[in-house]
Student: 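One structure coming up, written as structure tokens, with questions to follow.
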Amino acid sequence: MTKIRCKTSKEIGGMGHSMKRKEDARFIQGKGNYVDDVKLPGMLYMDIVRSPYAYAKIKNINSEEALKVPGVVAVVTGRDLEKYNLHWMPTLMSDTQMVLPTDTVMYQAQEVAAVIATSRYAARDGKEAVMVDYEPMKPVIDAHKSLDADAPILRPDKEGKTDNHIWHWEAGDKEATDKVFNEADVVVKQDMYIPRIHVASIETCGCVANYNKVDNHLTMYMTTQAPHAIRTVIALVAGHVGLTEEKIRVISPDIGGGFGGKVPVYPGYVIAIAVSFLTGAPIKWIEDRTENLQADSFARDYHINVEMAGTKDGKIQATRFKVLADHGYTDASANPSKFPTGLFSIGTGSYDYNNAFMEADAVYTNKPPGGVAYRCSFRVTEAVHAIERITDRFAMEVGKDPAQLRMENFIKKEDFPWKSPTGWEYDSGDYHAGLKLAMDTVGYDDLRKEQLEKRAKGEWMGIGISTFTEIVGAGPSKDFDILGIKMFDSAEIRVHPTGKAIARFGTKSQGQGHETTYAQIVAEELGIPAEHIQVEEGDTDTAPYGLGTYASRSTPTAGAAAAMAARKLREKAKKIAAYLLEVSEEDLEWEPGKFFVKGAPEKVKTIQEIVFASYTNHPPGMEAGFEATHYYDPPNLTFPSGAYICVVDIDPETADIKVRRFVAIDDCGHIINPMIVQGQVHGGLTQGIAPAMYEELIYDEDGNILNGTLMDYLVPTAVESPNWETGHTITPSPHHPIGAKGVGESPTVGAPPAIANAIVDAVSHLGIKHLDIPITPFKLFKKLKEVGAIS
Amino acid sequence: MTMKKITVKLNGAEHSAEVEPRLLLVHLIRENLNATGTHIGCDTSNCGACTILLNGKSVKSCTVLAVQADGKEITTVEGLATAEGLHPLQEGFKENHGLHCGFCTPGMMLRAVELLENNPNPTEEEIRWGISGNLCRCTGYNNIVKAIQYAGAKIRGDELPSTEPEFV
């Protein structure tokens, strides 16, 4: 364990204090303000007619009966939007997506028409009364068959498209890697599928679009993780009808969980804006859970072939990855523009070797478009699952304990910054310390003894390890942009005459606790108590521009901006203190909350006195006031890491899987608020066990979703979720102003392979080498039967 | 559609409303009575975000018709705190970081009210099963369990458990 040292008093509440959250007061008293709580005079409600087919021609849409329903005001179709050229929109990956179709539906649950009515119930009645004639066609559902010669070409709207291939991507040195593989003692390979899953935040998506005809002004209340980027996107899409960017205000109110699912622009938002624009009435659209699961962006859906080459005594020498990515009918990924596979190339892992080659091909199918993160920094989870599973396969092949093999292959602490075979520069890490702490905490050696004793008695237990490297904090402007906008983020601090502050950011919390942690960063730098720093985000009229909160980027980017803006203010404070104390700046020393004269601590000015002077008695020639803004462009990403150990027990009769223990040691550099970091880890771990054991969106061959409600899409409850044991090591990021790294997604990335490795470890002596996630008791039962271990 | 007049007591105050017989109780609470602290997270009665107390029993208000609540008492999150201060569960959730986004929190707390009434000193396992009708996507449940244990201790008058994070 590395002890967390606080530089500030508890009263100031800077970094390292487990300050209770400032935002909680409203949430525990029912005074949060989520988008469905927004109610405006004259507001109309929108509901959406959706396709029952995965692939069909629309022959006719008959709205006659719907318009007779009391309260129904209008029915909007793709043909209506076509008149304004609003029936298609761009995706974040520069593909195109239908807002409403004019001719063809491309996946089950796709938006077909919108019903506008005076109440939620009337809109639903109207939706039921819209009659659509479809001519169903044979869909492409299996990604492996999408490139077959007889597969229909799904996107003939794209000029010159002769197949369903979207893009090809490569990283690493193919020739050098192939050479190592050809000469290696040992090569292991594994096909694996990382299934299509859904973020299922407890709040679904929705908006209230309020266009004011008199002022030609749109206020968009919207559950978005990236309000500023959304404002720009709206201006790009609707500028041609006069809605330019200064006429648009996006307000992202309290958000009931995001996890990446609230980054994209969904068709419902565009329809709501269009209808508000045409009618002048505020339009509320709140999707229900079934629509959310069936139509909003999915995550994952990567078919991966991974190979590892090494020596017979267990030295890793090279890896190869080949990916088939199923994007549904359009590439609506929420990735930085230049990264079609996101940051998948982190998949070389925490190990010291020089050769890797990765390639990926993406295809269209008749499934909902995506994908988004599911609490992951752009496809890192897929990559980490592959490397951590294949590392276990390699350990098994060479007959080495998986912990020992990892210890022997880790990049050493002193070798950072470390250049990875795919070109990343890992900033810092101490992988040996993390794994050692995890092993000591869980009692690794004793567990291995217990496992042997149990096997002798016919009882099955398994121990699974995952030692992952994450890559978060997108990102440096030389490489990272979304639709051309560089991925910086921002902070603006304004300190009032009495020494209390308001700080605004370009990010947007969805539960991460920004109102508390950002205040703590400013408190650390300025010595103003965090309690007196009010944090605001999510209103594009007041907050500085930023790219939003996802991919664990808030602390690496906006958190850094907070420290940098505060440091500008401290420089100003120093000048004012020197003026007030009539000494030169060099004679002053800082300790949190005050400047004093070196060697004469009684000659002191507190930050509050200094701020007051900036309004009442500022030095001649200096600008009055006490505010600063900083747009932070990170020099590199941050590379948090973790060592996770999972212990499972398996019932030899039913194949029921019980997670007995799970120890998670995370390293996210300097910790701003230990309570919040630990809470983020707990939550991420439950979102790690979810895809490892429970969640998968399943489609039949006609493209019908088989588990599109929360009744059968299994989000873990408190019973499935074990008691998580957490801990940390601290390896500061050398380039981040406060030495912090992102953390919110590490556990979701690191947990699935630890669980999968534990389950496979429990049954490896029976000849089982791999199981795809989610590993359900039924899947395991079938496999055990196949190998003859269960009758 | 025929409307029906109903009278409910919401957090101690009586309200009458003309409602469609099909109106869900959660919509009565949120839209007719403007108490938006109760949330909607699904359409299959799985998530429990809409949990309230109906005559003291926790129910999912998306699975009850407003007309079924006629003449009954409803307690929502807005009715938990008193003039003396926060309810022990509200305090427990805040002190133990039992919430992140806050969307499931009102339902989770209302469910826990009844759980602690029936079982003032529940084990961890009893708490986990007791809240298994309520989904949380953010917290991983560890701190919700702690929050309910804390509230139990407070209600019983026992010494309060530590709220420091248990970091190795």
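To find a chain, count down the sequence lines: A is the first, B the second, and so on, and within it residues start at 1. Model, not experiment: these values are computed from the prediction.
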Student: What part of B:Ser132 gets closer than 4.5 Å to chain A, counting heavy atoms only: side chain, backbone, both or neither?
Tutor: both
Student: Need one label for B:Leu23: side chain, backbone, both or neither, based on atoms under 4.5 Å from any heavy atom in chain A.
Tutor: both
Student: Testing A:Val442, A:Ile645, A:Asn723 one by one against A:Arg661 for a side chain to side chain contact (heavy atoms under 4.5 Å, CB included), which residue passes?
Tutor: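 For A:Arg661, the side chain to side chain contact (heavy atoms under 4.5 Å, CB included) test succeeds with only one of A:Val442, A:Ile645, A:Asn723, which is A:Val442.
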Student: Against chain A, label B:His27 side chain, backbone, both or neither, depending on which of its atoms sit under 4.5 Å from a heavy atom there.
Tutor: side chain
Student: Could you tell me which non-hydrogen atom of A:Pro716 sits nearest to which non-hydrogen atom of B:Leu135, and how far apart they are?
Tutor: O-CD2, 3.9 Å
Student: Identify whether the distance between the nearest side-chain nitrogen and carboxylate oxygen of A:Glu128 and A:Arg124 falls below 4.0 Å.
Tutor: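 The answer is no: the pair does not qualify as a salt bridge.
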Student: Check this for me: does any side-chain nitrogen of one of A:Asp296 and A:Lys262 sit under 4.0 Å from a carboxylate oxygen of the other?
Tutor: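 No salt bridge links A:Asp296 with A:Lys262.
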Student: Please flag which part of A:Ser721 lies under 4.5 Å from any non-hydrogen atom of chain B: side chain, backbone, both or neither.
Tutor: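 For A:Ser721, heavy atoms of backbone and side chain both lie under 4.5 Å from chain B.
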Student: Given heavy-atom pairs under 4.5 angstrom as the criterion, report whether the side chain, backbone, both or neither of A:Ala200 touches chain B.
Tutor: both
Student: So for A:Pro747, is it side chain, backbone, both, or neither that comes closer than 4.5 Å to the heavy atoms of chain B?
Tutor: neither
Student: Looking at B:Gly37, B:Ser45, B:Cys42, B:Ala35, which makes the most heavy-atom pairs under 4.5 Å with chain A?
Tutor: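 The residue among B:Gly37, B:Ser45, B:Cys42, B:Ala35 with the greatest pair count is B:Cys42.
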Student: Given heavy-atom pairs under 4.5 angstrom as the criterion, report whether the side chain, backbone, both or neither of A:Asn292 touches chain B.
Tutor: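 Interface part for A:Asn292: neither.
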Student: Where do B:Cys62 and B:Cys50 come nearest, in terms of heavy atoms and distance?
Tutor: N-SG, 3.3 Å
Student: Heavy-atom distances under 4.5 Å only: say whether A:Leu714 touches chain B with side chain, backbone, both or neither.
Tutor: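 Contact with chain B: none, neither part.
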Student: Please state whether the side chain, the backbone, both or neither of A:Gln680 comes within less than 4.5 Å of a heavy atom of chain B.
Tutor: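 For A:Gln680, backbone and side chain are both near chain B.
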Student: At a heavy-atom distance under 4.5 Å, which candidate from A:Ser509, A:Pro674, A:Gly32, A:Ser201 has the highest pair count against chain B?
Tutor: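 Top option by heavy-atom pairs under 4.5 Å: A:Pro674.
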Student: Which atoms of A:Arg26 are under 4.5 Å from chain B, going by heavy atoms: the side chain, the backbone, both sets, or neither?
Tutor: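 The answer is neither part of A:Arg26.
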Student: What option among B:Val77, B:Thr44, B:Asn142, B:Thr105 has the most heavy-atom pairs under 4.5 Å with chain A?
Tutor: B:Asn142
Student: Taking NZ in A:Lys39 as the centre, count heavy atoms belonging to other residues, nucleotides or ligands within less than 6.0 Å. Is the count above 12?
Tutor: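 For A:Lys39, atom NZ is crowded (more than 12 foreign heavy atoms under 6.0 Å).
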Student: Name the member of B:Gly41, B:Gly79, B:Gly102 that forms the most heavy-atom pairs with chain A at distances under 4.5 Å.
Tutor: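 Counting heavy-atom pairs under 4.5 Å, the top option is B:Gly41.
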Student: Under a 4.5 Å heavy-atom cut-off, does chain B meet the side chain of A:Val199, its backbone, both or neither?
Tutor: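 The answer is the backbone of A:Val199.
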Student: According to the interplanar angle, ranging from 0 to 90°, do the rings of B:His39 and B:Phe103 count as parallel (below 30°), tilted (30 to 60°) or perpendicular (above 60°)?
Tutor: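 Judged by the thresholds at 30° and 60°, the geometry between B:His39 and B:Phe103 is parallel.
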Student: Pick one of side chain, backbone, both or neither for A:Gln29, based on which atoms fall under 4.5 Å of a heavy atom in chain B.
Tutor: both
Student: With a cut-off of 6.0 Å (strictly less than), are more than 12 heavy atoms of other residues, nucleotides or ligands near CD of B:Glu18?
Tutor: yes
Student: Decide salt bridge (Lys or Arg N to Asp or Glu O under 4.0 Å) for A:Arg289 and B:Asp43; before the verdict, give the C-alpha distance in whole Å, the side-chain angles of both, and the deciding distance to 0.1 Å.
Tutor: CA-CA 6 Å; A:Arg289 171 59 60 195; B:Asp43 44 12; over 6 Å; no
Student: Where on A:Tyr34 is there a heavy atom nearer than 4.5 Å to chain B: the side chain, the backbone, both, or neither?
Tutor: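 Just its side chain gets close to chain B.
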Student: Using a cut-off of under 4.5 Å on heavy-atom pairs, state which of B:Gly98, B:Ala49, B:Cys101 scores highest against chain A.
Tutor: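 Among the listed options, the one with the most contacts to chain A is B:Cys101.
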Student: Let me know if A:Asp666 has heavy atoms under 4.5 Å from chain B in its side chain, its backbone, both or neither.
Tutor: neither
Student: Let me know if A:Ile255 has heavy atoms under 4.5 Å from chain B in its side chain, its backbone, both or neither.
Tutor: backbone
Student: Chain A heavy atoms under 4.5 Å from B:Leu24: which part of the residue, side chain, backbone, both or neither?
Tutor: both
Student: Top residue by heavy-atom pair count (under 4.5 Å) with chain B, among A:Glu695, A:Glu23, A:Glu720?
Tutor: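 Top option by heavy-atom pairs under 4.5 Å: A:Glu695.
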Student: Any side-chain to backbone donor/acceptor pair from B:Lys60 onto B:Gly133? Under 3.5 Å, distance only.
Tutor: yes
Student: Does any backbone or side-chain atom of A:Asp254 lie under 4.5 Å from a heavy atom of chain B? Answer side chain, backbone, both or neither.
Tutor: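 Neither the backbone nor the side chain of A:Asp254 comes within 4.5 Å of chain B.
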Student: Show your working on side-chain hydrogen bond (donor to acceptor under 3.5 Å, both in side chains) between B:Glu78 and B:Thr76 and close with a plain yes or no.
Tutor: CA-CA 5 Å; B:Glu78 290 92 343; B:Thr76 65; 2.7 Å; yes
Student: Taking B:Gly48's backbone N and O only, do any of them form a donor-acceptor pair with B:Asn134's side chain (distance below 3.5 Å, no angle check)?
Tutor: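 Present.
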Student: Just to verify, which of A:Arg21, A:Lys20, A:Lys22 counts as forming a salt bridge (Lys or Arg N to Asp or Glu O under 4.0 Å) with A:Asp24?
Tutor: A:Arg21
Student: I'd like to verify something: which residue of B:Cys138, B:Gly130, B:Cys104, B:Cys136 has the highest number of heavy-atom pairs under 4.5 Å with chain A?
Tutor: B:Cys138
Student: Answer with side chain, backbone, both or neither: which region of A:Ile676 has an atom nearer than 4.5 Å to a non-hydrogen atom of chain B?
Tutor: both
Student: Which of the residues A:Thr686, A:Leu293, A:Asp37 is involved in the greatest number of heavy-atom pairs with chain B at under 4.5 angstrom?
Tutor: A:Asp37
Student: Would A:Thr748 and A:Gln687 count as a side-chain hydrogen bond (donor to acceptor under 3.5 Å, both in side chains) if you check the C-alpha gap in whole Å, the side-chain angles of each, and the deciding distance to 0.1 Å?
Tutor: CA-CA 5 Å; A:Thr748 310; A:Gln687 283 193 306; 4.6 Å; no
Student: Give me the atom names and distance for the closest heavy-atom approach of A:Ile755 to A:Phe662.
Tutor: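 That would be CG1-CE1, 3.8 Å.
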Student: More than 12 non-hydrogen atoms from neighbouring residues, nucleotides or ligands closer than 6.0 Å to NZ on B:Lys9, yes or no?
Tutor: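 At most 12 heavy atoms, drawn from other residues, nucleotides or ligands, come within 6.0 Å of this atom.
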Student: Name the member of B:Met109, B:Glu125, B:His97, B:Glu164 that forms the most heavy-atom pairs with chain A at distances under 4.5 Å.
Tutor: B:His97
